[in-house]
S.K.: 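Pasting in a structure now, in structure tokens, and then I'll have a few things to ask.
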Amino acid sequence: MVNVIGEHATYHRQYDAPLSSDIAGVAKPNSLWVKMATNADEAADLAAEAVHASYGPPGGCASLILPADCAWSPATRKGPTLAPPKRPSVSGSVVDETARKIRDADKPVILIGGGACTEAGLRAASRLAAHGLRVTTDTFLSRQPRGAGRYNPERMQYFAEAALKDLGGSDLMVLTDTSLPVAFFAYPDTPSVLVPEGCATFTLAERGQNSVEALDALADALGVPSAATPNAPELPGSPTGAISPGTIGASIARHMPENTTVCDDAVTSGMPIFLQTKGAKPHDWLMLTGGAIGQAIPLAVGAAVACPDRKILSLNGDGAAMYTVQGLWTIARENLDVTVIVFANHTYRILGVELARTGAGAPGASAASLLDLGDPRIDWISLAKGLGLPTVRCDSAESFDKAFASAMGQRGPMFIEAALD
Ligand SMILES: Cc1ncc(C[n+]2csc(CCOP(=O)(O)OP(=O)(O)O)c2C)c(N)n1
Ligand SMILES: [Mg+2]
């Protein structure tokens, strides 16, 4: 991703006119690369450099600051065309050492992230799984190809003690295109690092190295001939009764078309849907890697613009959706093929869970009210309608299944309120 950020003309900046600001200062924490052009020719060169820099790793954006006179003045030449950077290979000796450590370990686990979770990476990792090795992904991935015909790795648990219990007894963790796993938050008397006691760590591939090649080389070194059996197609039956993330997951698995891109910021509603869709038609799952909620509406806009031939599904906690609700208008205005689901539980549910986990005891009235989104109760249908989307409110498993099937059968924006309470 490349941001081109407009700026006052170079000679106007000295006067501190309105809208003057430290753009580089604001852009830097969120950018891999930030530069400002000082004339039109330089803008051409920097544009090429920005695209090159945007490849990372890790994935991220490059921000090119473009003063108005650099845009309106003629350039005397075009910028260069730069080939995308190549990921450096992992050395054969590191692969061999990893293989040796795995052979010597009783209970090794391979933790994969980033580029190791592309389709090719997962295929290579599945060879290791076929060899009986445990393969786990990071809790949050920028993108994961999933569904029938794909290999389904385990996923690192979110809560620290659950992750440590799950990994308990492992004596070797091989990091592949990821870093040391750590808990999202610290809690009293809970470790920050999610490596169980007595478990050694070893890095097969640093972030940004060619981890796909490294995983294949490791499988070769271990003498693994073939890949693990991929997921069989497996669609849940028609859900009935009270609406819940579980019934919604069943409907999504049943009806989402092949190549759907799922943008997941569903917070506490997300996991049941993730689990239900394991055997659904092949699809891509985009998660919240940075932790800042409000991602799934703008992410869906980007995905829909990038891939107009795909159905885009935007899954939002109701609190999360309020951070970027204006993006609904963009979806309507651009007539994007996005179905937005808001999980209206009228609370910041996860924060209640996190508060309880600190051991602070039951929240008092003031603390509880900070987690409540019910007063006033947000009228999602009016809100989405007002921003130009067709809407439907579903308060049962059956009504959701019907509305969702209908949304998947047509093109264009759709808003569904999942009325969870
Ligand atoms: C930008 C940003 N602001 C605040 C937070 C803190 N935060 C984490 S989860 C959460 C509430 C999520 O509530 P909701 O989207 O309703 O999902 P639920 O927990 O109800 O499933 C908040 C405010 C954050 N992670 N990112
Ligand atoms: Mg909520």
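Positions are given from 1, in the same order as the sequence printed here. Only a predicted model underlies this, so the values are computations on that prediction, with no experimental measurement involved.
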S.K.: For Arg143, enumerate each residue passing the side chain to side chain donor-acceptor pair (under 3.5 Å) test, keeping only those at least two apart in sequence or located in another chain.
M.R.: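 With sequence neighbours excluded, Arg143 shows a side chain to side chain donor-acceptor pair (under 3.5 Å) to Asp284, given in chain and number order.
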S.K.: List for me each residue that meets side-chain contact (heavy atoms from CB on, under 4.5 Å) alongside Asp379, sequence neighbours excluded, and say none if there are none.
M.R.: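 Applying side-chain contact (heavy atoms from CB on, under 4.5 Å) to Asp379 gives Ile381, Ser382.
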S.K.: Got a sec, which residues hit side chain to side chain donor-acceptor pair (under 3.5 Å) with His255, two or more places apart in sequence or on another chain?
M.R.: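 By the side chain to side chain donor-acceptor pair (under 3.5 Å) rule, His255 matches Asp401.
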S.K.: Mind telling me whether Tyr158 and Phe140 have parallel, tilted or perpendicular rings, with 30° and 60° as the class edges?
M.R.: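 Ring orientation of Phe140 relative to Tyr158: perpendicular.
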S.K.: Among all residues two or more places apart in sequence or in another chain, which pass the side chain to side chain donor-acceptor pair (under 3.5 Å) test with Lys35?
M.R.: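 With neighbours one apart ignored, the set is Glu49.
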S.K.: For Gln209 versus Leu204, what's the shortest heavy-atom pair and its separation?
M.R.: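 Reported closest heavy-atom pair: OE1-O, 4.3 Å.
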S.K.: Which word best sums up how the rings of Phe185 and Tyr187 line up, parallel for under 30°, tilted for 30 to 60°, or perpendicular for over 60°?
M.R.: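 Because their plane-to-plane angle is over 60°, the rings of Phe185 and Tyr187 count as perpendicular.
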S.K.: Salt bridge (charged side-chain N to carboxylate O under 4.0 Å, His left out): which pairs involve residues 412-421, sequence neighbours left out?
M.R.: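 Found Arg377-Asp421, Arg393-Glu417.
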S.K.: Does anything in residues 109-125 form a salt bridge (charged side-chain N to carboxylate O under 4.0 Å, His left out)? List the pairs, not counting sequence neighbours.
M.R.: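 Found Glu119-Arg150.
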S.K.: For residues 69-85, pull every pair meeting side-chain hydrogen bond (donor to acceptor under 3.5 Å, both in side chains), keeping only residues two or more places apart or in separate chains.
M.R.: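 Passing the test, one end in residues 69-85: Thr10-Asp69, Asp41-Thr76, Asp45-Arg77.
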S.K.: Does the pair Asp216/Arg127 count as a salt bridge with the N-to-O cut at 4.0 Å?
M.R.: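 Looking at Asp216 and Arg127, the cut-off is met.
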S.K.: If I compare all heavy atoms of Ala304 with all of Leu336, which pair ends up nearest, and what's the gap?
M.R.: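 Heavy atoms only, the tightest pair is CB-CB, 3.8 Å.
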S.K.: Inspect the contact between Lys28 and Asp22 and indicate whether a charged nitrogen and a carboxylate oxygen are less than 4.0 angstrom apart.
M.R.: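 No salt bridge links Asp22 with Lys28.
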S.K.: What residues form a side chain to side chain donor-acceptor pair (under 3.5 Å) with Glu161, not counting sequence neighbours?
M.R.: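 In terms of side chain to side chain donor-acceptor pair (under 3.5 Å), with neighbours along the sequence ignored, Glu161 is linked to Arg357.
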S.K.: Using distance only, find each side-chain donor-acceptor pair of residues 190-197 under 3.5 Å and give its atom names and separation, not counting sequence neighbours.
M.R.:
from, atom 1, to, atom 2, distance (Å)
Thr190, OG1, Pro188, O, 3.4

S.K.: Which pairs pass ring-ring contact (aromatic ring centres under 6.0 Å, His included) with one or both residues in residues 313-350, sequence neighbours excluded?
M.R.: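 Found none.
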S.K.: Excluding sequence neighbours, so at least two apart, what forms side-chain contact (heavy atoms from CB on, under 4.5 Å) with Ala105?
M.R.: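 side-chain contact (heavy atoms from CB on, under 4.5 Å) list for Ala105, sorted by chain: Pro108, Asp171, Leu172.
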S.K.: Tell me which pairs pass ring-ring contact (aromatic ring centres under 6.0 Å, His included) where either residue lies in residues 280-321, with sequence neighbours left out.
M.R.: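 Those involving residues 280-321 are Phe274-Trp285, His283-Trp285.
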S.K.: What do you reckon, is CZ of Arg411 surrounded by more than 12 foreign heavy atoms closer than 6.0 Å?
M.R.: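 Atom CZ in Arg411 is crowded, with more than 12 foreign heavy atoms closer than 6.0 Å.
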